[in-house]
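One structure below.
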Amino acid sequence: MKSFHWTGFSALAAVALYGRLPSVAEAASSVISPKIVILSMYADEAGSWYDIPEFNVLEKNYTIPGLSPVYPSLHCTADGQICQLTTGEGEANAAVSVATLAFSPLLNLTQTYFMIAGIAGINPKVASVGSVTFARYAVHVGLQYEIDAREIPSNWSTGYFAQDATQPGEFPGVFYGTEVYEVNDALRQLAYSAAKTATLSDSPDSTPLRANYSKNPEYKAGSEPIWEANVYLCDTATSDTYWDGDLLGVAFEGTVSVFTGGQGVYCSTQQEDNATLQALLRAAIVKRVDFNRIIIMRTASDFDRQYPGQSVVASLLGPEPGYEDSIANIHIAGVKVVEMVLDGWGSQFAGGVLAGNYVGDVFGSLGGKPDFIPPASAQAVGRKRGYSRRR
Ligand SMILES: *[C@@H]1O[C@H](CO)[C@@H](O)[C@H](O)[C@H]1NC(C)=O
Ligand SMILES: *[C@@H]1O[C@H](CO)[C@@H](O)[C@H](O)[C@H]1NC(C)=O
Ligand SMILES: *[C@@H]1O[C@H](CO)[C@@H](O)[C@H](O)[C@H]1NC(C)=O
Ligand SMILES: *[C@@H]1O[C@H](CO)[C@@H](O)[C@H](O)[C@H]1NC(C)=O
Ligand SMILES: *[C@@H]1O[C@H](CO)[C@@H](O)[C@H](O)[C@H]1NC(C)=O
């Protein structure tokens with residue numbers, strides 16, 4: 001597609017939605033162009049933004065057909081510069097809600113920044129509960145072959161391995177296209193620096209839990225308090241399945257590394273980011289959004305695995321003393337990022353932040369070539385794109 005015809009799309013979509021064409025005046029007055037859209041996945045993450053002194057995203061509500069029945073409205077400041085959407089949890093909710101937003105005739109998102117702002121599980125090898133993370137790679141670790149761990153060959157460490165591979169540790173032989181996304185690293189560095197200036201919330205409730213992680217020297221980062229604005233650059237893993245435990249943690253550390261050609265560092269775990277990115281990618285292909293303007297921020301609510309001596313079930317179902325801090329830190333760190341974009345709009349952000357790295361999906365749908373695919377596998381990816389062994 002050569003260029004994006006807003007008026008044509010908008011009129012067609014309006015006919016589909018409302019059965020008639022909007023008048024010119026209606027169309028002009030109803031289109032909003034936020035500078036930043038905050039993406040929350042459920043009520044507590046959204047609520048982090050609702051009663052803060054810096055700005056009020058509940059001044060204007062826009063009900064958009066196609067959003068989650070539980071969260072039917074986009075919320076914005078009165079001037080329309082900052083908006084917040086709650087997608088609903090899990091991959092399907094995130095993909096459909098974000099696609100609905102991205103293709104809505106109500107919005108012109110061509111210059112909009114998107115910040116995924118949610119909580120996550122955290123790898124104690126990298127960070128502790130309450131900390132804030134910014135990802136460059138989002139890896140869909142659920143999109144793999146799996147055999148139950150009780151039936152794996154004796155020399156395998158996990159039952160998960162890449163599609164069209166023969167064992168764990170091998171690069172996928174086939175991609176569906178949503179396995180890995182890479183976002184703008186220069187923008188990520190700016191967001192990281194802005195968030196570093198925040199004074200994060202860290203309650204003493206997390207101290208005894210962290211102390212238990214100190215029993216394993218590998219978990220040093222997880223055992224330390226976050227008094228000094230603990231903000232990290234590390235990557236995120238998506239799966240609808242909410243996993244817990246050392247073995248799956250180590251398995252998915254491996255998946256993130258294998259899928260990103262050794263460049264990704266697994267630290268946060270969540271159930272939506274790859275789906276959100278897929279929706280934004282499809283909108284970016286038709287130039288409705290700019291894929292260079294995406295920030296993935298996840299704050300750590302709980303550990304992704306047990307401490308030494310704890311059962312995995314207790315780790316999964318037990319108390320999460322870091323939860324309140326992780327919710328509070330969404331806006332405490334996130335406000336700094338929003339202010340950075342708004343305050344620097346004229347000087348830097350309206351025109352976009354030049355990415356030094358590849359930005360996009362495994363197929364190179366937006367142009368360029370993914371830098372995370374080892375050269376030996378590149379041909380296979382091209383050849384087997386869309387291939388399916390059984391389904
Ligand atoms: C969308 O916003 C951009 C940036 O302000 C502008 O250049 C473009 O013309 C707008 N598109 C439409 C269809 O209004
Ligand atoms: C927008 O919706 C929220 C609840 O979702 C409500 O609290 C708020 O008052 C609404 N704002 C307006 C202007 O109606
Ligand atoms: C999911 O998104 C992450 C980046 O947030 C990316 O590294 C990963 O490859 C994506 N995975 C899939 C399956 O889309
Ligand atoms: C497991 O052992 C088989 C047979 O020796 C070997 O071919 C394979 O590479 C091994 N796999 C792993 C993951 O170590
Ligand atoms: C820390 O570990 C001890 C011993 O296993 C346990 O009794 C205690 O409840 C744990 N504390 C937390 C906060 O998990």
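Everything numeric in this text was worked out from a predicted model, so none of it was measured. Read the numbers this way: they start at 1 and go in the same order the structure lists the ligands and their atoms.
Centroid-to-centroid, the aromatic rings of Tyr307 and Tyr219 stay 6.0 Å apart or farther.
In summary, the atoms of ligand 1 found under 4.0 Å from a heavy atom of Thr110, numbered by their order in the structure, are 1 (C), 2 (O), 3 (C).
Looking at Leu209 against ligand 5, both its backbone and its side chain come within 4.0 Å, counting heavy atoms. With a 4.0 Å heavy-atom cut-off, ligand 5 is reached by the side chain of Lys215 but not by its N, CA, C or O.
Put simply, the side chain of Ile330 reaches to within 4.5 Å of the side chain of Met297, judged on heavy atoms.
Using a 30° and 60° split on the angle between ring planes, Trp243 and Tyr266 fall in the tilted class, from 30° to 60°. In this pair, Trp156 and Phe161 present their aromatic rings perpendicular. The plane angle is above 60°, beyond the 30 to 60° band. In this pair, Phe349 and Tyr113 present their aromatic rings perpendicular. The plane angle is above 60°, beyond the 30 to 60° band.
A heavy-atom cutoff of 4.0 Å around ligand 4 is satisfied by the protein residues Asn155, Trp156, Gln167.
Considering backbone and side-chain N/O atoms, Asn108 comes within less than 3.5 Å of an N/O atom of ligand 1.
Of all the heavy atoms in Leu200 and Gly130, the pair that sits closest is CD1-O, 4.3 Å.
Sorted by first and then second residue, the pairs that involve residues 324-342 and meet side-chain hydrogen bond (donor to acceptor under 3.5 Å, both in side chains), not counting sequence neighbours, are Ser48-His331, Ser201-Asp325.
Using a 4.0 Å cut-off between charged side-chain N and carboxylate O, Arg210 and Glu224 make no salt bridge.
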